[in-house]
Amino acid sequence: MKAMPFTSFMHLALDEARAAAARGEVPVGAVLVSPGGEVVARDGNRTREKADPSAHAEMLVIRAACAAAGSERLPGHDLYVTLEPCPMCAAVIGAARIARLYYGAADPKSGGLGQGPRIFTHPQCHHVPEVYDGIGAREAEDLLKGFFRDRRGP
């Protein structure tokens with residue numbers, strides 16, 4: 001079987017992050033891609049809009065894709081997210097059996113992969129996706145810094 005060439009979908013996740021910022025949400029966006037390379041879900045943070053602390057971009061796209069698939073698992077799928085997932089999202093990424101995770105900016109304060117609890121290294125983690133960081137990191141960082149600077153001041 002011939003391998004598909006790699007195509008990044010981070011530009012779509014960044015579009016979702018910009019849309020989240022325009023809604024007054026923390027600018028994080030996510031895109032979930034099927035094994036065949038089709039975008040199956042895309043969204044940005046909606047915690048304020050939905051008054052739901054779990055309405056992170058990753059959670060929203062995983063929920064939408066699982067509903068569409070009629071399954072709680074998404075083997076072979078790729079997840080693109082503009083910010084390192086928090087521990088909650090990392091646990092759900094593992095539970096959904098996402099194959100590959102691509103993320104942009106590191107999150108030293110709330111990240112769950114490279115710092116903090118490092119969810120995928122924990123013995124209770126039953127599935128560990130391939131993880132690729134730093135994809136579109138500069139633009140993701142700039143979006144986040146600009147968002148918080150505008151709210152808090154220089």
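Only heavy atoms go into these numbers, but all of them, side chains included; no hydrogens, no water, no symmetry mates.
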Minimal non-hydrogen separation, [X] against [Y], with atom names:
X	Y	answer
Ala64	Ala41	CB-CB, 4.0 Å
Phe9	Gly37	CZ-O, 3.5 Å
Ile98	Pro129	O-CB, 3.2 Å
Pro75	Pro35	O-CG, 3.7 Å
Pro117	Pro87	CG-CG, 3.5 Å
Phe147	Ala21	CD1-CB, 4.1 Å

Hey, does the side chain of [X] reach the backbone of [Y] with a donor-acceptor pair shorter than 3.5 angstrom?
X	Y	result
His126	Pro123	no
Arg97	Ala95	yes
His77	Leu74	yes
Arg23	Asn45	yes

Quick check for you: to the nearest 0.5 Å, what is the distance between [X] atom [atom1] and [Y] atom [atom2]?
X	Y	atom1	atom2	value
Asp150	Lys145	CG	NZ	14.0 Å
Ile62	Ile93	CD1	CD1	5.0 Å
Tyr80	Asp78	OH	CG	5.0 Å
His56	Leu83	NE2	CG	10.0 Å

Sequence neighbours excluded, which residues qualify as side chain to side chain contact (heavy atoms under 4.5 Å, CB included) partners of [X]?
X	value
Gln115	Glu84, Ala106, Pro108
Ala17	Pro27, Thr82, Leu143
Glu38	Ser34

Does the side chain of [Y] come within less than 4.5 Å of [X]'s, by heavy atoms?
X	Y	result
Val81	Val28	yes
Leu32	Arg42	no
Met10	Glu139	no
Cys125	His127	no

Kindly determine whether Leu79 and Val61 satisfy side chain to side chain contact (heavy atoms under 4.5 Å, CB included), including the steps that lead there. CA-CA 9 Å; Leu79 177 62; Val61 299; 3.7 Å; yes

Give the cluster check for Met88 versus Val131: same hydrophobic cluster or not, with ILVMFWY residues linked at side-chain heavy-atom distances below 4.5 Å.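 Yes, Met88 connects to Val131 through the hydrophobic network.
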
In the single-linkage hydrophobic clustering (I, L, V, M, F, W, Y; side-chain heavy atoms under 4.5 Å), do Tyr102 and Leu60 co-cluster?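 They do not share one cluster, since no chain of ILVMFWY contacts under 4.5 Å joins Tyr102 to Leu60.
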
Would you check, one step at a time, whether the test side-chain hydrogen bond (donor to acceptor under 3.5 Å, both in side chains) holds for Ser54 with Arg63? CA-CA 11 Å; Ser54 72; Arg63 287 174 186 156; 2.8 Å; yes

Under the side chain to side chain contact (heavy atoms under 4.5 Å, CB included) criterion, do Val33 and Val31 qualify, and how do the steps go? CA-CA 6 Å; Val33 180; Val31 174; 4.0 Å; yes

Taking only residues two or more places apart in sequence, or in another chain, which ones meet Phe148 in a ring pair (Phe, Tyr, Trp, His ring centres under 6.0 Å)?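 Ring pair (Phe, Tyr, Trp, His ring centres under 6.0 Å) check on Phe148 returns nothing, list empty.
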
Steps toward side chain to side chain contact (heavy atoms under 4.5 Å, CB included) verdict (Tyr103, Ile135): CA-CA 6 Å; Tyr103 72 87; Ile135 311 294; over 6 Å; no

Residues that Asp15 engages under side-chain hydrogen bond (donor to acceptor under 3.5 Å, both in side chains), provided they are two or more places apart: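 If we apply the side-chain hydrogen bond (donor to acceptor under 3.5 Å, both in side chains) test to Asp15, skipping adjacent residues, the hits are Arg18.
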
Selection residues 104-118 - residue pairs positive for salt bridge (Lys or Arg N to Asp or Glu O under 4.0 Å), sequence neighbours left out: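 Pairs touching residues 104-118 that pass the test: none.
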
Arg151 atom CZ, over 12 foreign heavy atoms within 6.0 Å: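 Enclosed.
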
Flag if over 12 foreign heavy atoms under 6.0 Å of CZ, Arg48: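 Open.
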
Could you go through Glu130 and Leu101, starting from their C-alpha distance and side-chain angles, then the distance that decides it, and tell me whether this counts as side chain to side chain contact (heavy atoms under 4.5 Å, CB included)? CA-CA 6 Å; Glu130 295 173 32; Leu101 167 64; over 6 Å; no

Hey, is Glu25 close enough to Arg46 for a salt bridge, meaning N to O under 4.0 Å?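 A salt bridge is absent here (no side-chain N lies under 4.0 Å from a carboxylate O).
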
